[in-house]
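Presented below is the structure to which this report refers.
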Amino acid sequence: MADFPITMSVKPEIKGFYDTMTSTISYVVKDPASKACAVVDSVMDIDYAAGRISFDHADEIIAYVKAHDLKVEWLLETHVHADHLSAAPYIQGKLGGKIGIGENITIVQETFGKVFNAGTEFQRDGSQFDRLFKDGDSYEIGSMTGFVMHTPGHTPACMTHVIGDAAFVGDTLFMPDGGTARADFPGGDAATLYHSIQKVLALPDDMRLFMCHDYAPGGREVRWETTVAEEKANNIHVGQGTSEEDFVKMRTERDATLDMPRLIIPSIQVNMRAGQLPPEESDGGHYLKVPVNKL
Ligand SMILES: [Fe+2]
């Protein structure tokens with residue numbers, strides 16, 4: 001059981017925004033009793049080949065928030081994404097709100113600070129974020145209380161956010177026909193992921209689960225919402241009580257066949273800085289590095 005109170009009677013209003021470039025879903029999570037909301041896992045657009053960033057996806061979220069006259073209280077990152085860049089600081093600049101991530105961001109910063117030779121000016125204490133969540137921490141979105149569950153395995157800093165009858169699982173689970181996320185990034189671990197998934201599956205059966213990604217397996221249409229009961233019954237990697245041993249074997253074998261995500265190099269450099277580009281250089285420009293033979 002979760003070690004925080006679960007209030008299934010609180011039903012946040014949730015709007016998903018799908019980014020076709022990275023198959024990421026960002027969410028606006030609104031308190032039904034007020035205008036307060038949180039934005040989960042926003043996306044900054046990048047044309048990596050051209051070194052060009054833009055904000056069409058984030059602007060869509062901003063337009064939605066403004067059209068509904070909402071007040072952004074939180075910009076939540078379920079983890080340090082390796083496949084897309086966060087737009088949290090851009091949205092914060094336009095709409096306010098506090099940027100929050102799991103406290104183990106410091107481990108991710110330590111690892112990738114080295115990979116990118118980020119130098120001593122890159123703080124590895126999580127201070128780029130407004131709030132570092134510990135397992136079991138809570139926060140308010142208007143009249144709702146969100147709770148944070150540490151669900152590592154995909155990365156050390158992964159958190160699942162439970163808000164009323166909804167849980168944002170980040171990259172622990174995918175939709176039942178998509179299975180689970182990879183566990184082979186630095187600091188990832190398949191057995192740890194298995195245990196984190198069991199924590200999610202121990203939530204109430206009718207809890208709504210919201211995915212961070214959907215790759216539309218088999219060419220079906222994109223979906224991002226399911227329930228604990230559906231995942232327990234049908235998840236192709238962990239459903240029907242799959243054992244830890246079977247899961248770890250499957251996950252490890254599968255991960256060995258996967259290429260690095262196309263945007264891992266720009267994504268990590270930006271996301272480890274809470275969505276900021278690396279600092280300006282002497283000509284006033286921002287540059288992203290490509291570490292050679294380090295990933
Ligand atoms: Fe991820």
Side-chain angles (χ1 to χ4, degrees), residues 16-27 39-46 48 57 75-88 99-109 111-112 115-116 126 129 133 148-161 167-175 178-190 192-197 199-200 209-217 222 224 226 231 235 237-238 247 251-252 254-275 295:
F17 296 82
Y18 185 68
D19 177 54
T20 47
M21 288 290 289
T22 63
S23 306
T24 304
I25 303 102
S26 310
Y27 296 98
V39 176
V40 181
D41 290 333
S42 62
V43 177
M44 172 160 85
D45 308 307
I46 186 166
Y48 188 38
H57 186 77
L75 295 147
L76 303 171
E77 298 290 335
T78 54
H79 61 293
V80 175
H81 309 278
D83 64 302
H84 71 267
L85 289 69
S86 167
I99 303 177
I101 199 164
E103 62 173 346
N104 281 355
I105 178 66
T106 54
I107 297 174
V108 177
Q109 289 178 327
T111 305
F112 286 102
V115 169
F116 290 103
F129 295 81
F133 293 114
V148 182
M149 217 163 65
H150 187 210
T151 47
H154 171 62
T155 79
C158 287
M159 290 291 192
T160 292
H161 287 263
F168 298 85
V169 301
D171 286 4
T172 52
L173 289 163
F174 293 148
M175 291 299 286
T180 57
R182 64 196 297 174
D184 62 334
F185 294 147
D189 181 73
T192 306
L193 179 60
Y194 180 85
H195 290 287
S196 292
I197 289 170
K199 281 164 74 175
V200 174
L209 300 182
F210 292 87
M211 310 294 114
C212 184
H213 294 293
D214 186 62
Y215 301 100
V222 174
W224 52 73
T226 181
E231 291 283 20
N235 187 288
H237 293 168
V238 290
F247 175 78
R251 193 65 267 170
T252 308
R254 189 178 163 92
D255 287 349
T257 70
L258 300 176
D259 291 331
M260 278 290 160
R262 195 171 55 86
L263 295 178
I264 186 169
I265 285 175
S267 296
I268 302 264
Q269 281 174 91
V270 166
N271 295 340
M272 72 183 188
R273 296 180 164 91
L295 276 177

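Counting starts at 1 for both ligands and their atoms, following the listed order.
Rounded to 10°, the angle that NE2 of His154 and NE2 of His79 form at the Fe ion (ligand 1) is 100°.
One of the N, O or S atoms belonging to Asp171 lies under 2.8 Å away from the Fe ion (ligand 1). At a cut-off of 2.8 Å, Cys212 does not coordinate the Fe ion (ligand 1) through any N, O or S atom. With a cut-off of 2.8 Å, the Fe ion (ligand 1) has no N, O or S atom of Cys158 in range.
With rounding to the nearest 0.5 angstrom, the CG atom of Leu76 is 9.0 Å from the CZ atom of Phe168.
Without hydrogens or angle criteria, Asn235 side chain to Gly179 main chain gives a donor-acceptor distance under 3.5 Å.
Side-chain atoms of Thr172 and Thr151 include no donor-acceptor pair closer than 3.5 Å.
Ring-plane geometry between Tyr18 and Trp224 is classed as parallel, the angle between the planes falling under 30 degrees on a 0 to 90 degree scale with a further cut at 60.
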